[in-house]
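Step one of this worksheet: look at the structure below.
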Amino acid sequence: MKKNRWIGNAAVCFLILIVAFLPRAAQAAGKKQGGGKGTITCSERKGTFTISGKGAVTASQIKVRNRGSIKKIVVKKGITSLPKRAFVRFPKVKEVVIAGSVKKIGEGALPCTKTLKKVTLPGTFRLVTENGDEMTRSLEYGKSRIDTVSFHAPLSLQTLAYVSSNHLIVSKKDKKYRSIGGVIYSKNGKSIVRVPAYRKTLTVADGCEEFCLQSVMYANDDFEGDPYLMCKGLSKITLPSSVKIVNESKYFAHSYLHSSVKEITVCSNQLDSKDILSLLACFQLKDKEEFLRQFNYVTIREGMCVNSRDYCLLRYTGTSEDVTVPEDVKRIGRNAFRLTKLKRCVIPDTVLEIQDDSFYGCKDLSEIHLPKTLTAMGTHVFGGCEKLDHVIFPDGITKIPDFTFESCIALKDVALADTVTTIGEKAFENTPVPASLLFQGNIKEIQCHAFSSAGWSELVLPATVEKVDEYAFSMPTLERVTVCGSTARIHAKAFISCWADSKNQTLTFERGVEEWQTGLISQKWETNGKSSQKRRSEIELDWQDITGVDGWQIQVSRDSSFQGKRKTYHVKKGKIHKKLYEDSFAIDYVRIRPFKLVDGKTCFGRWTVDKL
């Protein structure tokens with residue numbers, strides 16, 4: 001009896017254990033642990049593959065018996081991350097829905113199939129990329145052709161560069177944006193924000209007042225980091241009468257330089273010269289003159305397309321090589337003569353401004369007459385004018401703008417007005433103007449690479465020059481530099497080209513030792529250390545020589561202030577190279593200054609500081 005009772009109790013306990021174990025066993029069979037957090041479940045039912053649970057999903061957790069039977073993929077709320085190429089081998093999927101809880105999605109995660117037509121995504125997530133030539137920097141991989149992409153959470157514009165479609169549908173809860181006809185606009189509908197990548201034609205919705213160029217110029221990076229246009233198939237745009245302005249910068253994410261659009265129909269008569277010039281600059285229009293004829297306030301005479309409202313010369317479409325700008329013109333617009341075969345141009349004294357790139361790339365231009373009334377110039381105005389040999393600037397110009405004469409290889413005669421105080425970035429790069437140009441005008445500031453590769457062997461920097469930026473005089477031919485004024489705002493690398501060239505360069509400072517400063521030409525270091533703490537222990541330095549120097553003081557330190565642990569070295573005159581070794585602390589910064597013995601006293605020049 002006792003034996004039977006013992007057997008009965010044992011059987012009951014066994015059944016209890018089985019009942020308790022079965023749900024857990026069944027549950028474990030359909031779940032995987034994700035990144036140590038939460039539990040992931042994969043299930044299939046009637047052609048729908050569902051991932052649910054909490055945490056990050058790994059590639060090994062995506063288990064499915066028959067991928068070919070799956071028509072829809074659903075990633076449930078609670079999932080936080082999807083791996084790269086998560087669903088790429090699902091050949092017949094038509095729809096993918098990914099919950100808003102997903103914050104990271106691997107590149108190429110969507111199915112690689114032409115059947116995929118609809119995708120729902122979080123409004124904001126981070127695209128996880130990998131190294132190598134097969135990087136897509138996109139959710140798509142291969143031959144997918146998605147029709148509609150929807151977002152069930154407020155949208156980040158960067159997200160739109162990760163996936164291409166024909167329609168974009170934002171969430172109704174989005175406080176910034178709305179969708180009209182599958183195109184994204186601002187919430188009030190007055191600004192166009194993003195156009196789907198697969199659109200071939202675009203008719204902007206009535207009521208839109210601001211045509212934002214970024215809506216069709218936004219881009220993504222390829223695996224080499226170069227931008228490629230998302231709306232690359234767009235060929236025609238129609239702007240309604242409600243459009244008042246063209247905006248080049250609004251809603252910027254990542255931009256491409258030029259669109260493939262060949263035709264723009266403008267129904268609005270509210271656009272000014274700036275708006276029209278923006279459209280001309282950003283789109284490769286098939287017939288620019290025909291485009292300009294749409295505006296009843298634009299007159300065209302002998303190829304001169306002029307806005308009669310503000311007298312801006314919008315574009316020259318003629319073929320003459322010798323041109324005189326009409327006397328009623330007040331401004332020469334952006335790109336007005338760009339890449340034409342112009343040889344000679346006379347600009348009347350009515351012109352007040354010449355805008356960006358106006359004569360850029362006119363390789364045959366040899367003669368230009370600037371007006372006395374000119375007070376403003378844009379960038380790149382004469383860049384690449386290879387036959388231009390002389391220019392006279394009128395009073396009123398205070399700055400030679402950035403890139404003004406870049407690569408004007410014949411330019412040797414430039415007359416600066418007394419009003420010129422600044423030479424802009426790369427203003428005379430690769431242009432053989434004489435070094436005496438620095439004594440013209442009233443130059444106080446010379447910006448980065450202003451005279452790079454100008455071909456000078458000797459340079460005298462006037463005392464009137466107060467500020468010189470890095471590499472302003474970077475040229476391999478430069479051997480002797482004399483600085484007449486203060487070096488307080490002259491960058492230590494203002495005269496440096498490359499190591500082989502600048503090694504033989506000599507600096508002279510007329511104001512005395514206190515104004516002396518050298519430039520570090522090159523630095524090399526090797527790291528040495530145990531475990532995870534690596535130290536820069538061996539450093540080689542080369543610097544520019546200075547006339548009359550008696551020696552050099554070099555300090556190395558862990559911090560830029562050189563107030564902490566540091567070490568000091570001294571180098572005798574005649575040497576501009578030093579190898580340092582320090583293993584007691586990590587070296588992150590190095591500084592060097594010249595010195596001279598004057599009446600038994602050591603006088604120091606300025607420190608030059610470099611971060612390794």
Side-chain angles (χ1 to χ4, degrees), residues 458-459 461 468 470-476 478-483 486-529 534-612:
E458 184 173 357
L459 161 65
L461 191 67
V468 182
E470 189 175 18
Y471 304 117
F473 298 97
S474 173
M475 54 188 88
L478 194 59
E479 297 175 356
R480 297 177 299 280
V481 177
T482 301
V483 179
S486 171
T487 59
R489 300 178 66 196
I490 295 179
H491 198 284
K493 293 185 177 180
F495 311 104
I496 287 178
S497 180
C498 64
W499 179 81
D501 305 317
S502 299
K503 184 179 179 182
N504 298 319
Q505 193 178 93
T506 302
L507 304 174
T508 301
F509 299 90
E510 289 193 345
R511 284 200 178 178
V513 180
E514 290 78 8
E515 298 294 343
W516 289 9
Q517 67 174 3
T518 187
L520 279 170
I521 300 169
S522 65
Q523 50 175 254
K524 299 178 183 177
W525 65 85
E526 293 181 5
T527 57
N528 183 32
K534 292 186 177 181
R535 302 179 182 275
R536 294 187 176 92
S537 58
E538 188 173 306
I539 304 171
E540 289 187 59
L541 302 174
D542 293 276
W543 58 90
Q544 293 169 295
D545 200 6
I546 296 177
T547 301
V549 72
D550 284 334
W552 311 88
Q553 188 180 67
I554 301 172
Q555 288 185 347
V556 293
S557 177
R558 297 185 65 175
D559 62 275
S560 59
S561 66
F562 289 81
Q563 297 301 309
K565 195 169 185 180
R566 69 186 183 193
K567 191 167 183 179
T568 302
Y569 302 83
H570 289 86
V571 179
K572 295 180 180 180
K573 66 179 179 179
K575 291 186 177 182
I576 54 172
H577 174 84
K578 178 68 175 177
K579 182 181 286 189
L580 310 177
Y581 183 82
E582 177 55 58
D583 200 31
S584 63
F585 63 91
I587 300 174
D588 293 314
Y589 293 88
V590 59
R591 66 181 182 178
I592 180 172
R593 64 178 175 176
F595 65 83
K596 184 176 179 62
L597 299 175
V598 180
D599 298 329
K601 181 181 177 182
T602 302
C603 297
F604 290 97
R606 298 184 188 279
W607 284 112
T608 296
V609 181
D610 264 31
K611 182 179 181 180
L612 298 180

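Not measured: the values here are computed from a predicted model.
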Item checked: Evaluation steps, side chain to side chain contact (heavy atoms under 4.5 Å, CB included), between Thr568 and Phe562 -> CA-CA 11 Å; Thr568 302; Phe562 289 81; over 6 Å; no
Note to self: Tell me the closest heavy-atom pair linking Arg558 and Asp588, and the distance in Å.
What the structure shows: O-OD2, 3.4 Å
Next item on the list: State, without any angle test, whether Gln544 and Thr518 hold a side-chain donor-acceptor pair at a distance under 3.5 Å.
Entry: no
Check: Side chains of Val468 and His491: does their closest heavy-atom pair fall under 4.5 Å?
Finding: no
Check: Any sub-3.5 Å donor-acceptor pair from Gln505's side-chain atoms to Leu478's backbone N or O?
Finding: yes
Checklist line | Enclosure of Lys573 NZ (heavy-atom neighbours >12, cutoff 6.0 Å) | finding: no
Notebook entry, point to check: Are Thr487 and Glu515 linked by a side-chain donor-acceptor pair shorter than 3.5 Å?
Noted result: yes
Margin query: My understanding is that only residues two or more places apart in sequence, or in another chain, count here; which of them pass side chain to side chain contact (heavy atoms under 4.5 Å, CB included) with Thr508?
Written below: Thr482, Thr547
Next item on the list: Please tell me if the side chains of Trp543 and Ile554 come closer than 4.5 Å, counting only heavy atoms from C-beta onward.
Entry: yes
Next item on the list: Find out whether Tyr589 and Gln555 are in side-chain contact, i.e. whether some heavy atom of one side chain is under 4.5 Å from a heavy atom of the other.
Entry: no
Note to self: Test of understanding: with side chain to side chain contact (heavy atoms under 4.5 Å, CB included), list the residues that count as partners of Glu514, not counting sequence neighbours.
What the structure shows: none
Notebook entry, point to check: Going by heavy atoms in the side chains, are Phe595 and His570 under 4.5 Å from each other?
Noted result: yes
Next item on the list: Just do the side chain to side chain contact (heavy atoms under 4.5 Å, CB included) check on Val483 and Val481 with the steps written out, would you?
Entry: CA-CA 7 Å; Val483 179; Val481 177; 4.1 Å; yes
Notebook entry, point to check: Checking side chain to side chain contact (heavy atoms under 4.5 Å, CB included) for the pair Arg593/Trp516: CA distance, chi angles, key distance, verdict?
Noted result: CA-CA 8 Å; Arg593 64 178 175 176; Trp516 289 9; over 6 Å; no
